[in-house]
J.: 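Pasting a structure below so you can have a look.
What you are looking at is a predicted structure, and each value in this text was computed from that prediction instead of being measured.
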Amino acid sequence: MNMSILIPLCIVYIGIMSGLAYYGYKKTVTESDYLLGGRNINPVVMALSYGATFISTSALVGFGGVGSIFGMGLLWLAFLNIVLGIFVAFAVFGTRIRRLSIELDASTFPSLLGKRYGSKFITVFAGAMIFIFMPAYTSIVLIGGGRFLQESLSLNFNLSLFILAAIIALYVISGGIKAVMYTDAFGAVIMLIGMVVFLVVTYQAVGGVVDGHAALSALKDMVPESLASGGHQGWTSMPVFGSPLWWTLVSTIIMGVGIGVLAQPQLMMRCMTVKDDKALYRSVLIGGVFIFFMTGAAFIIGPLSNVYFMETAGQLSITAAEGNSDLVIPKFINSLMPEWFIYLFTLTLLSATISTISSLVHLQASAFGEDIMKSLGVKWGKNGQGMTRLGVIVGMLAAIGLAYVLPGGVIARATAFWFGICAAGFLPTLMGALFWKRASKNGAIFSIITGFTVSILGFLFLHIKESGVLGLSQALFGKDALLAFPWTHIDPLFYALPLSALVFVTVSLLDRQKEVNVESQSKSIAK
């Protein structure tokens with residue numbers, strides 16, 4: 001690769017990003033500007049920022065690599081991403097979140113829930129869950145960007161991590177959400193161009209749409225025994241119903257991420273940044289088109305890479321990547337694409353990495369400074385933003401530390417983990433806040449605690465992909481998972497979310513009944 005071309009290109013790119021960040025910094029005066037962009041962000045910028053935050057290296061690199069293993073069944077996730085992640089998130093949830101945040105004067109996701117239910121505990125607890133667990137998601141996005149720079153630019157992985165972390169921390173600290181969203185929108189345009197070109201060239205390399213898919217179907221006999229025994233039926237078919245691979249694909253990847261998107265704090269906060277409902281409605285089309293090309297392209301390219309590697313190297317993609325699914329897409333690009341595209345995709349991956357991490361770090365920082373510290377009466381700096389900016393540094397360091405601890409091939413799994421625990425912990429309470437007037441404070445508290453607790457226990461002791469790696473179940477009970485199949489492959493979302501919802505509804509109804517009984521007794525005494 002010609003570094004004399006790439007280095008100036010990256011400098012120009014960073015220069016533009018820095019200029020947009022500086023513009024955001026100059027426009028950031030009040031606390032509302034730092035946290036919510038003054039609630040006056042352009043709908044196009046909001047939609048592109050939402051999409052860029054949603055589609056990180058976990059989708060482009062992690063899920064693309066997972067697609068090379070599971071096949072086209074992953075496209076069901078793209079469908080849910082568009083229907084739930086864009087249409088429902090903007091037109092149904094988003095409009096109500098925007099109005100409620102104004103009514104309650106809430107500037108963060110935890111404070112929205114806390115003020116709706118009149119509970120400081122909810123604000124602090126939700127903020128703590130975000131601040132404690134989100135670094136795991138942040139770190140895998142950072143890993144995705146670092147691995148691509150390592151593979152494509154021959155940079156040291158450690159250096160790649162610190163370069164990305166330093167750039168992101170600098171403009172999140174200075175410019176807040178405005179800097180984040182302006183740079184997100186610019187990055188989204190680059191991401192869209194890069195993925196459209198990538199998809200077109202991939203189809204050309206495998207003989208076109210029809211021949212490419214036919215060739216992929218013909219590889220059915222090449223499925224490794226380890227996958228076939230788990231239910232794999234080829235890359236254009238779903239796994240055998242109820243098999244270990246089916247449960248992993250459907251419960252963890254498709255449903256975990258597809259449903260979890262509705263309770264993602266960093267995405268829901270985007271809905272608070274526009275001035276009216278019309279802006280959210282206008283954002284639906286832009287966001288839908290963006291997600292269609294980004295997730296759809298990644299989930300198609302991953303499986304088709306098997307055709308290319310089989311024709312050119314006589315091996316499947318995961319074999320070419322030496323067993324690490326996170327390296328499938330980088331190796332595919334290096335092997336297939338012309339040098340000029342590697343430059344373009346380098347910027348695409350940089351945009352995906354920077355846009356998502358900046359949003360996650362901004363959320364972690366606001367959870368630390370606004371939801372935890374300020375709620376507990378601890379303030380520091382101008383407009384009380386000192387603790388929030390400190391949270392940026394703490395969150396970034398936590399993400400870097402986890403990047404060295406997490407194993408290879410973990411990007412898609414860690415994404416599903418974060419999305420799943422958010423759905424179980426926040427979704428029933430959020431829906432109650434938006435749609436059910438009888439929802440009670442106690443119902444919300446017990447629901448959030450139940451959702452997070454059951455999810456975490458499930459990952460620690462039941463879901464073998466995580467429990468086997470973490471080792472706590474083995475240390476305490478002498479086995480990687482406490483229950484047998486299918487529980488070892490059913491994502492905790494499948495039982496944590498229904499249980500959380502049941503607790504929420506039951507406790508809220510009991511509280512309502514107590515209120516009715518008290519009112520009746522009061523009336524009887526008055527008579």
J.: Decide yes or no for Val307 and Trp235: does some side-chain heavy atom of the first lie under 4.5 Å from some side-chain heavy atom of the second?
T.: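 Not in contact.
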J.: Report yes if some heavy atom in the side chain of Gln264 is under 4.5 Å from a heavy atom in the side chain of Phe426; otherwise report no.
T.: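 Counting from C-beta outward, Gln264 and Phe426 never come under 4.5 Å.
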J.: Once rounded to the nearest 0.5 Å, what's the spacing between atom CG of Leu430 and atom CZ of Phe93?
T.: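 Spacing of CG (Leu430) from CZ (Phe93) equals 5.5 Å.
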J.: Tell me, please, which residues at least two apart from Asn81 pass side chain to side chain donor-acceptor pair (under 3.5 Å).
T.: none
J.: Is it the case that the side chain of Gln364 and the backbone of Ile130 share a donor-acceptor pair, with hydrogens and angles ignored and the cut-off at 3.5 Å?
T.: no
J.: Shortest non-hydrogen contact from Leu316 to Met310?
T.: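 Taking every non-hydrogen atom into account, CD2-CE, 3.4 Å.
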J.: Could you tell me whether the side chain of Ser229 and the main chain of Ser226 form a donor-acceptor pair under 3.5 Å?
T.: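 Present.
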J.: Does either side chain, that of Thr450 or that of Ser500, offer a donor lying less than 3.5 Å from an acceptor on the other one?
T.: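 No - no donor-acceptor pair under 3.5 Å links their side chains.
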J.: Taking atom CZ of Phe435 as the centre, report whether more than 12 heavy atoms of other residues, nucleotides or ligands fall under 6.0 Å from it.
T.: yes
J.: Is there a donor-acceptor pair closer than 3.5 Å between any side-chain N or O of His489 and the backbone N or O of Ser243?
T.: no
J.: Keeping the roles fixed (side chain from Ser447, backbone from Val503), state whether a donor-acceptor pair exists under 3.5 Å.
T.: no
J.: How many angstroms lie between atom CE of Met396 and atom CG of Leu360, to the nearest 0.5 angstrom?
T.: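 It is 9.0 Å, given to the nearest 0.5 Å.
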J.: Restricting to non-hydrogen atoms, name the atom on Leu77 and the atom on Gly258 that form the minimum distance, rounded to 0.1 Å.
T.: CD1-N, 3.5 Å
J.: So does Asp480 get a backbone contact from the side chain of Ser467, meaning a donor-acceptor N/O pair under 3.5 Å?
T.: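 The answer is yes, because a donor-acceptor pair under 3.5 Å joins these two groups.
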J.: What's the spacing between Phe485 CZ and Trp247 CH2 if we round to 0.5 Å?
T.: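 Rounded to the nearest 0.5 Å, the CZ-CH2 separation comes out at 8.0 Å.
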J.: Would Val206 and Asp211 satisfy side chain to side chain contact (heavy atoms under 4.5 Å, CB included), going step by step from the backbone distance to the final call?
T.: CA-CA 7 Å; Val206 297; Asp211 291 344; over 6 Å; no
J.: Aromatic rings Phe63 and Phe299: how do their planes relate, parallel, tilted or perpendicular, breaks at 30° and 60°?
T.: tilted
J.: Run the numbers on Ser251 and Asp491 for side chain to side chain donor-acceptor pair (under 3.5 Å), then give the verdict.
T.: CA-CA 5 Å; Ser251 71; Asp491 192 273; 5.3 Å; no
J.: Do the side chain of Tyr50 and the main chain of Ser283 share a donor and acceptor less than 3.5 angstrom apart?
T.: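 No: the side chain of Tyr50 does not pair with the backbone of Ser283.
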J.: Got Asp184 and Leu48 here, is their nearest side-chain heavy-atom distance under 4.5 Å?
T.: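 The answer is no; the side chains never approach within 4.5 Å.
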J.: Does Thr506 have any side-chain contact (heavy atoms from CB on, under 4.5 Å) partners at least two apart in sequence or in another chain, and if so, which?
T.: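 Partners of Thr506 under the side-chain contact (heavy atoms from CB on, under 4.5 Å) test: Leu502, Leu510.
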J.: Rounded to the nearest 0.5 Å, how far apart are CE of Met268 and OG1 of Thr108?
T.: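 The distance works out to 14.5 Å.
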J.: Are the side chain of Asn324 and the backbone N or O of Ala321 linked by a donor-acceptor pair below 3.5 Å?
T.: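 Such a contact is absent between Asn324 side chain and Ala321 backbone.
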J.: Looking at Pro43, is its backbone amide N or carbonyl O close enough to the side chain of Arg282 to form a donor-acceptor pair, meaning the two atoms are under 3.5 Å apart?
T.: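 It does not hold such a pair.
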J.: Determine whether more than 12 heavy atoms belonging to other residues, nucleotides or ligands lie under 6.0 Å from atom OH of Tyr495.
T.: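 Counting neighbours around OH of Tyr495, more than 12 heavy atoms of other residues, nucleotides or ligands fall under 6.0 Å, so yes.
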J.: Please find the pair of heavy atoms, one from Leu245 and one from Leu227, that lie closest to each other, and give the distance.
T.: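 Heavy atoms of Leu245 and Leu227 come nearest at CD1-O, 3.3 Å.
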J.: Regarding Ser305 and Ser317, is there a side-chain donor-to-acceptor distance under 3.5 Å anywhere?
T.: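 The answer is yes; a qualifying pair exists.
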J.: List for me each residue that meets side chain to side chain donor-acceptor pair (under 3.5 Å) alongside Ser217, sequence neighbours excluded, and say none if there are none.
T.: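 Result, side chain to side chain donor-acceptor pair (under 3.5 Å) vs Ser217: Thr236.
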J.: Does any non-hydrogen side-chain atom of Gln233 lie less than 4.5 Å from one of Val223?
T.: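 SC-SC contact between Val223 and Gln233 ruled out.
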J.: Is any side-chain heavy atom of Pro110 closer than 4.5 Å to a side-chain heavy atom of Pro265?
T.: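 No, their side chains stay 4.5 Å or more apart.
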J.: Taking atom CZ as the centre, does Phe293 end up with more than 12 heavy-atom neighbours from other residues, nucleotides or ligands that are less than 6.0 angstrom away?
T.: no
J.: Go through the structure and list residues passing side-chain contact (heavy atoms from CB on, under 4.5 Å) with Ile82, not counting sequence neighbours.
T.: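 Partners of Ile82 by the side-chain contact (heavy atoms from CB on, under 4.5 Å) criterion, ordered by chain and then number, come out as Ile291, Phe292.
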J.: Parallel, tilted or perpendicular, judged at 30° and 60°: which one describes the rings of Phe332 and Phe309?
T.: tilted
J.: For Asp277, enumerate each residue passing the salt bridge (charged side-chain N to carboxylate O under 4.0 Å, His left out) test, keeping only those at least two apart in sequence or located in another chain.
T.: Arg98, Arg99
J.: Do Leu216 and Met72 have side chains that approach each other closer than 4.5 Å (heavy atoms only, starting at C-beta)?
T.: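 Yes, side chains in contact.
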J.: Among pairs that include at least one residue of residues 205-225, which meet ring pair (Phe, Tyr, Trp, His ring centres under 6.0 Å), considering only residues two or more places apart or in two chains?
T.: Tyr203-His213
J.: How far apart are the closest heavy atoms of Ser325 and Ile69, and which atoms are they?
T.: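 Heavy-atom minimum between the residues: CB-CD1, 4.0 Å.
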J.: What distance separates Leu219 CG from Asn306 CG, expressed to the nearest 0.5 Å?
T.: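 Atom-to-atom, Leu219:CG and Asn306:CG are 6.5 Å apart.
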J.: CZ of Phe87: more than 12 outside heavy atoms within 6.0 angstrom?
T.: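 Counting neighbours around CZ of Phe87, 12 or fewer heavy atoms of other residues, nucleotides or ligands fall under 6.0 Å, so no.
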